[in-house]
Amino acid sequence: MITISGLNKRYRTAHGPVDALCNIELTVDSGDIFGIIGLSGAGKSTLIRCLNRLEEPDSGSIVVAGRELVGLDRGALREARKKIGMIFQHFNLLDSRTVFDNVAFPLELAGCPKREIGPRVDEILELVGLHGRKQSYPSQLSGGQKQRVGIARALANHPDLLLCDEATSALDPQTTASILDLLADVNRKLGVTIVLITHEMQVIRQICNKVAVLDQGRIVESGSVEQVFNAPRSSTMQLFLTHSAPQQVNGSGI
Amino acid sequence: MQEDLLPMLASGFAETLYMVVLSTLAAVVLGLPLGVLVVLTAPGHLEDSPRLHRALGTIINIARSFPFIILIVLLLPLSRFLVGTTLGATAAVVPLSIAAAPFVGRLIENSLKEVEWGKVEAALAMGASTLQIVVKVLIPEALPSLVLGLTLAIITITGFTATAGAIGAGGLGSLAIRYGYMRYREDVMLATVVLLVIFVQAVQWGGDRLARRIDTKHHRSSKDRI
């Protein structure tokens with residue numbers, strides 16, 4: 001589904017250049033829930049934002065669903081983005097639109113005829129459990145409900161891939177768990193491939209089947225979740241496992 | 001008070017209203033693209049273009065630096081060309097619109113700049129074009145603030161019409177100067193000022209109310225905003 005090779009991204013800052021991403025090589029298979037974990041500043045956000053080119057890579061190749069994204073012109077990039085959904089830490093819903101109209105937004109952009117938009121929005125709101133709230137405005141919803149709208153909006157146009165940029169970082173643990181359940185659910189039901197970034201072990205543990213560990217712009221470890229959790233090779237992963245140990249005890253109670 | 005007062009006020013107010021409405025419309029037609037372009041060309045925005053951004057900013061600043069009365073005189077040939085005369089309310093709409101357009105452009109720029117960047121990015125991620133983002137994200141999300149800006153523009157333009165009245169534009173400002181000031185008609189002076197005050201108050205009240213209505217619709221949980 002995704003093949004990244006030789007991806008580099010460097011930022012120029014007041015203190016000189018910083019390598020945000022360094023020679024990234026990564027493969028995500030169709031149907032995966034692929035987690036990328038790292039400390040803040042590791043480059044996770046830059047990496048996931050390269051996958052729909054919200055961030056412009058300096059060099060390398062990113063192939064999503066058989067299409068090379070690097071080098072696409074603006075028009076072709078817009079078309080490619082219509083098949084890549086994305087959800088955000090702060091939801092980024094439009095306050096001027098109802099829940100229904102927020103979810104209809106990507107369909108409007110894709111030029112979907114009106115008579116097809118209504119049924120599709122209803123269907124996807126049903127899936128995320130918000131059918132009763134379609135006439136509400138985002139300000140009337142809780143954080144968890146807002147993220148459900150975000151997920152519905154991201155899935156409305158039948159994407160091949162769903163990108164989750166710290167999607168649960170602004171939510172409490174219980175809401176996080178229910179949003180993760182929903183993501184696992186849509187992965188199963190719709191077969192959509194999910195790539196998520198997080199700094200929380202719990203997120204990886206709960207829904208991912210594969211994980212990559214990012215440290216200072218480099219992937220220091222990757223593989224299946226069992227493999228990486230049971231025999232961590234990188235010091236970053238060992239650090240994560242040590243620090244999340246008490247959470248593990250709590251986590252099993254949820 | 002003399003019996004000519006009421007008809008005089010009525011026609012003066014009609015002229016003022018005519019100038020304000022037409023000039024506001026024209027100023028928005030000119031100022032909206034200007035404001036949108038200034039926002040879009042800002043560093044890091046959708047159509048990042050530092051040169052154009054600086055050039056537009058400079059044009060706006062220069063146009064706004066002119067004292068309005070000087071601008072009217074400078075634009076007399078343009079008024080004559082477009083309207084066929086330099087006298088009367090319609091001729092005054094030309095300098096009024098041109099004076100107000102850069103001001104309206106700045107107001108629109110300030111409103112659109114306040115829209116959270118995350119919303120723009122979300123739309124980009126969905127494959128929206130720049131035009132779609134302007135029409136479907138920036139303007140609707142900034143609407144309460146745009147309405148307040150427009151209210152301010154209408155009131156400023158009303159003030160401009162009084163100045164234009166001093167040199168032959170007609171309207172309430174002209175009445176106040178020609179009758180109230182030059183002919184010592186205190187009743188005219190007082191009535192025009194009172195009428196202008198009431199008009200400005202009404203515009204502000206209406207604008208505030210409309211902005212709040214839009215805003216509370218979008219932010220029902222936070223009625224204490226604004």
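Numbered from 1 within each chain, the chains take letters A, B, ... in sequence-line order. Remember, predicted model here, so these are calculated numbers, not experimental data.
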Hey, what do you get for CZ (A:Arg53) to CG (B:Leu124), rounding to the nearest 0.5 Å?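 Nearest 0.5 Å value for the CZ-CG distance: 12.0 Å.
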Set of residues satisfying side-chain contact (heavy atoms from CB on, under 4.5 Å) with respect to B:Ala26, sequence neighbours excluded: B:Ser97
Checking B:Glu121 against chain A: side chain, backbone, both or neither under 4.5 Å from a heavy atom?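 Looking at B:Glu121, backbone and side chain both touch chain A.
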Taking all atoms of both residues into account, what is the closest heavy-atom pair of [X] and [Y], and its distance?
{"X": "A:Leu109", "Y": "B:Ala128", "result": "CD1-CB, 3.7 Å"}
{"X": "B:Ala123", "Y": "A:Phe105", "result": "CB-CE2, 4.0 Å"}
{"X": "B:Ala125", "Y": "A:Asn52", "result": "CB-ND2, 3.6 Å"}
{"X": "B:Gly127", "Y": "A:Lys82", "result": "O-CE, 3.5 Å"}

Who wins among B:Glu141, B:Lys119, B:Lys136, B:Glu116 for the most heavy-atom pairs under 4.5 Å with chain A?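 Top option by heavy-atom pairs under 4.5 Å: B:Glu141.
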Around atom [atom1] of [X], are there more than 12 heavy atoms from other residues, nucleotides or ligands closer than 6.0 Å?
{"X": "A:Arg78", "atom1": "CZ", "value": "yes"}
{"X": "B:Phe68", "atom1": "CZ", "value": "yes"}
{"X": "B:Gln201", "atom1": "CD", "value": "no"}
{"X": "B:Arg209", "atom1": "CZ", "value": "no"}

Most chain B-contacting option - heavy-atom pairs closer than 4.5 Å, from A:Arg49, A:Met86, A:Arg81, A:Lys83: A:Arg81
Which members of residues 89-98 of chain A, sorted by number, sit under 4.5 angstrom from chain B on a heavy-atom basis?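 Within residues 89-98 of chain A, near chain B: A:Asn92, A:Leu93, A:Leu94, A:Asp95, A:Ser96, A:Arg97.
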Tell me, side chain or backbone of A:Arg74 under 4.5 Å from chain B's heavy atoms, or both, or neither? side chain
Working note: B:Gln132 + A:Glu108, criterion side-chain contact (heavy atoms from CB on, under 4.5 Å); need CA distance, chi angles, decisive distance, verdict. CA-CA 10 Å; B:Gln132 285 172 321; A:Glu108 283 171 32; over 6 Å; no
